[in-house]
Amino acid sequence: MAGIETDKRAETAQPKLSTEHLTVAFGRNGKTTPVLNDINLAVGKGEFLCVVGPSGCGKSTLLSTMAGFLSPTSGAVKIDGEVVNGPDPRRIFVFQERGVFPWLTVEGNIEFGLFHLPGAERRRRIIHYIQLVGLEGFEKAYPAELSGGMKQRLEVARALAVNPDMLFLDEPFGSLDSITRLTMRKELLRIWEAERNTIIFVTHDIDEAVQLADRVAVMSDRPARIQGIVKIDIEHPRDVSSPSYLELRDGISQQLGLAHKI
Ligand SMILES: Nc1ncnc2c1ncn2[C@@H]1O[C@H](COP(=O)(O)OP(=O)(O)OP(=O)(O)O)[C@@H](O)[C@H]1O
Ligand SMILES: [Mg+2]
């Protein structure tokens with residue numbers, strides 16, 4: 001199938017992040033549930049990788065393990081060749097469930113990760129990222145005063161303001177309306193094209209993945225494996241009605257076992 005390939009890049013250069021025979025299982029009441037089954041992935045430096053898969057297959061588990069919040073049952077995650085043993089402030093994680101600090105204002109939330117910067121640069125970034133996500137006028141508001149979508153935008157602003165080496169984003173635009181979601185995708189691409197951070201982005205939206213990613217990793221049902229890697233070799237901005245776009249999108253849908261027509 002067009003666009004499907006093995007990960008040759010991983011064999012030639014040291015990847016930014018790799019998973020090696022990564023397996024994660026959860027135990028409860030003496031019963032073990034395998035969630036991730038021998039995941040082998042390599043993500044290049046500056047790459048934008050999207051991960052798609054059925055609900056409950058283990059996407060959030062994979063991302064949390066990559067970011068160091070969960071320990072593998074066996075196998076390893078490596079970043080820059082070093083085994084990951086825990087979270088690191090140079091890597092930022094945007095959780096699927098909202099993770100803003102309720103006791104800090106909008107400004108305070110964005111400022112939180114910028115403590116190491118001089119005051120003037122802190123101010124500049126706070127103003128810039130508040131504008132970027134359209135939260136002007138809400139600088140002094142607390143999260144309880146914001147809508148769900150505004151909280152999500154705040155969380156993305158907080159992550160981007162740090163300009164981290166790696167960004168782990170777990171369905172960051174999931175609860176936004178379709179117009180805001182498009183704006184946020186464009187902004188994320190603009191920032192990534194300028195900064196070239198390595199981004200691993202989980203989404204259940206195939207279109208979102210094909211619009212954003214260099215490559216899309218398709219996960220199988222639980223216990224999840226990587227059942228295919230699809231390279232999206234289309235320049236940005238991408239024409240979502242072009243035959244190459246539609247072919248890649250349909251290829252991923254087929255891998256996920258989704259019908260073309262409903
Ligand atoms: N801390 C945990 N303890 C026990 N089981 C867990 C834990 N976290 C996740 N699981 C189980 O692992 C499986 C995968 O969950 P995960 O949240 O990674 O899926 P997901 O692909 O992100 O789903 P969704 O698309 O709904 O966000 C589920 O069956 C879930 O019940
Ligand atoms: Mg999830």
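Just follow the structure's listing: the first ligand is 1, and inside any ligand the first atom is 1. Note that the numbering runs from 1 along the sequence shown for the chain.
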(Q) Run the side-chain hydrogen bond (donor to acceptor under 3.5 Å, both in side chains) test against H21 and tell me which residues pass, sequence neighbours left out. (A) D38
Q: Can you sort out which atoms of ligand 1 are near S60, meaning under 4.0 Å from one of its heavy atoms?
A: 17 (O), 18 (O), 20 (P), 22 (O)
Q) Does R222 have a non-hydrogen atom less than 4.0 Å from ligand 1? A) yes
Q. Parallel, tilted or perpendicular: which describes the rings of F93 and F69, with under 30° parallel and over 60° perpendicular?
A. perpendicular
Q.
Between ligand 1 and F26, is the shortest N or O to N or O distance under 3.5 Å?
A. no
Q) Of all the atoms in ligand 1, which lie at a distance below 4.0 Å from a heavy atom belonging to V35? A) 12 (O), 13 (C), 14 (C)
(Q) Any N/O/S atom from T61 (main chain or side chain) under 2.8 Å of the Mg ion (ligand 2)? (A) no
Q) Strictly under 4.0 Å, does any heavy atom of G53 approach an atom of ligand 1? A) no
Q) How would you list, by chain and number, every residue that makes a side chain to side chain contact (heavy atoms under 4.5 Å, CB included) with Q211, sequence neighbours excluded? A) L182, R185, D207, V240, Y245
Q. Taking distance alone, with no angle check, do G58 and ligand 1 share an N/O pair under 3.5 Å?
A. yes
Q: Is it possible for you to check whether R190 lies under 6.0 Å from the centre of the six-membered ring of W192, through NZ or CZ, and within 45° of that ring's axis?
A: no
**Q.** Closest non-hydrogen atom pair, I234 against L248
**A.** CD1-CD1, 3.8 Å
Q | Region of T61 that comes within reach of ligand 1 [heavy atoms, distance under 4.0 Å] | A | both
Q | F101 atom CZ, neighbour heavy-atom count above 12 within 6.0 Å | A | yes
